[in-house]
Amino acid sequence: MKRLVLTTAALLLAAGLTGCGRGESAKTVAASPAPDAGPAPADGGPPAGPSSAMAGMDMAAGAMMAKGSGTITAVDAAQGTVTIDHGPIAEAGWPAMTMAFKAPPEVVGQVKPGDRIDFDLKLQGAVGEVTAVRKR
């Protein structure tokens with residue numbers, strides 16, 4: 001469920017940034033707060049709907065590369081995602097958090113929950129894709 005909330009938040013931010021110009025220089029965009037997600041589900045998990053975890057973070061309009069480090073908390077080969085509890089990512093203006101990232105099959109296949117990694121990210125607006133990992 002957490003993965004769904006984080007993915008939804010990333011997609012909403014990406015959609016919101018679509019209207020921003022795609023100039024050659026990087027532009028900083030402040031995300032608006034997410035709407036109220038409503039009550040938590042009966043199973044005690046996080047509320048359904050968008051998360052405000054990424055609200056207020058700087059996002060550049062063009063693609064750029066970034067580096068991070070953290071711990072793999074989940075791997076979803078069917079969805080092609082890895083969830084990483086990562087430290088701050090300065091290039092994106094992101095604080096430390098846990099979030100799911102798209103990743104190619106060769107990256108998904110090389111990690112498992114609990115692995116401590118350094119990773120490379122390709123950032124396109126509010127969406128990050130892990131392009132490489134190195135176990136620590």
Side-chain angles (χ1 to χ4, degrees):
M1 180 56 97
K2 189 176 191 179
R3 192 171 328 137
L4 175 63
V5 170
L6 291 172
T7 302
T8 301
L11 290 173
L12 287 172
L13 284 170
L17 292 174
T18 301
C20 296
R22 294 192 191 276
E24 287 185 39
S25 65
K27 295 181 182 179
T28 301
V29 179
S32 60
D36 182 21
D43 67 0
S51 166
S52 63
M54 294 177 66
M57 289 183 230
D58 293 337
M59 300 292 168
M64 67 177 172
M65 298 304 290
K67 294 187 179 291
S69 61
T71 302
I72 299 289
T73 60
V75 176
D76 187 336
Q79 294 293 319
T81 62
V82 292
T83 303
I84 305 171
D85 180 6
H86 64 78
I89 299 178
E91 297 92 341
W94 293 348
M97 68 177 104
T98 301
M99 62 188 296
F101 295 99
K102 284 286 190 190
E106 58 272 12
V107 169
V108 172
Q110 106 185 68
V111 295
K112 66 184 182 313
D115 285 348
R116 293 175 43 132
I117 61 164
D118 293 319
F119 59 97
D120 297 337
L121 277 176
K122 176 180 163 188
L123 299 169
Q124 179 69 39
V127 179
E129 178 179 352
V130 174
T131 59
V133 295
R134 294 162 302 287
K135 293 183 182 181
R136 291 189 276 151

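Count residues from 1 along the sequence.
When side chains are defined from C-beta on, L121 counts as touching I89, because their heavy atoms get closer than 4.5 Å. Residues F101 and T81 form no side-chain contact, since every pair of their non-hydrogen atoms from C-beta on lies 4.5 Å or further apart. The side-chain heavy atoms of P105 and V108, taken from C-beta on, include no pair separated by under 4.5 Å. When side chains are defined from C-beta on, T71 does not count as touching I84, because their heavy atoms never get closer than 4.5 Å.
Ring-plane geometry between F119 and H86 is classed as perpendicular, the angle between the planes exceeding 60 degrees on a 0 to 90 degree scale with a lower cut at 30.
Taking both residues in full, the closest heavy atoms of R136 and G70 are given as NH2-O, 3.4 Å, listed atom of the first, atom of the second, then distance.
The OG1 atom of T83 sits 8.0 Å away from atom CD1 of I72, with the distance rounded to the nearest 0.5 Å. One finds the CG atom of D85 at 6.5 Å from the OG1 atom of T73 (value rounded to the nearest 0.5 Å). From L123, atom CG reaches atom CE of M64 across 5.0 Å, with rounding to the nearest 0.5 Å.
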Please list every donor-acceptor pair under 3.5 Å in which a side-chain atom of residues 111-118 meets a protein atom from a residue at least two apart or in another chain.
residue : atom : partner : partner atom : Å
K112    : NZ   : D115    : OD1          : 3.0
D115    : OD2  : K112    : N            : 2.9
D115    : OD2  : K135    : NZ           : 3.4

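Side-chain atoms of K102 come within 3.5 Å of backbone N or O of Q79 as a donor-acceptor pair.
By the salt bridge (charged side-chain N to carboxylate O under 4.0 Å, His left out) test, K67 is found to be paired with D120, residues two or more places apart in sequence or in another chain being considered.
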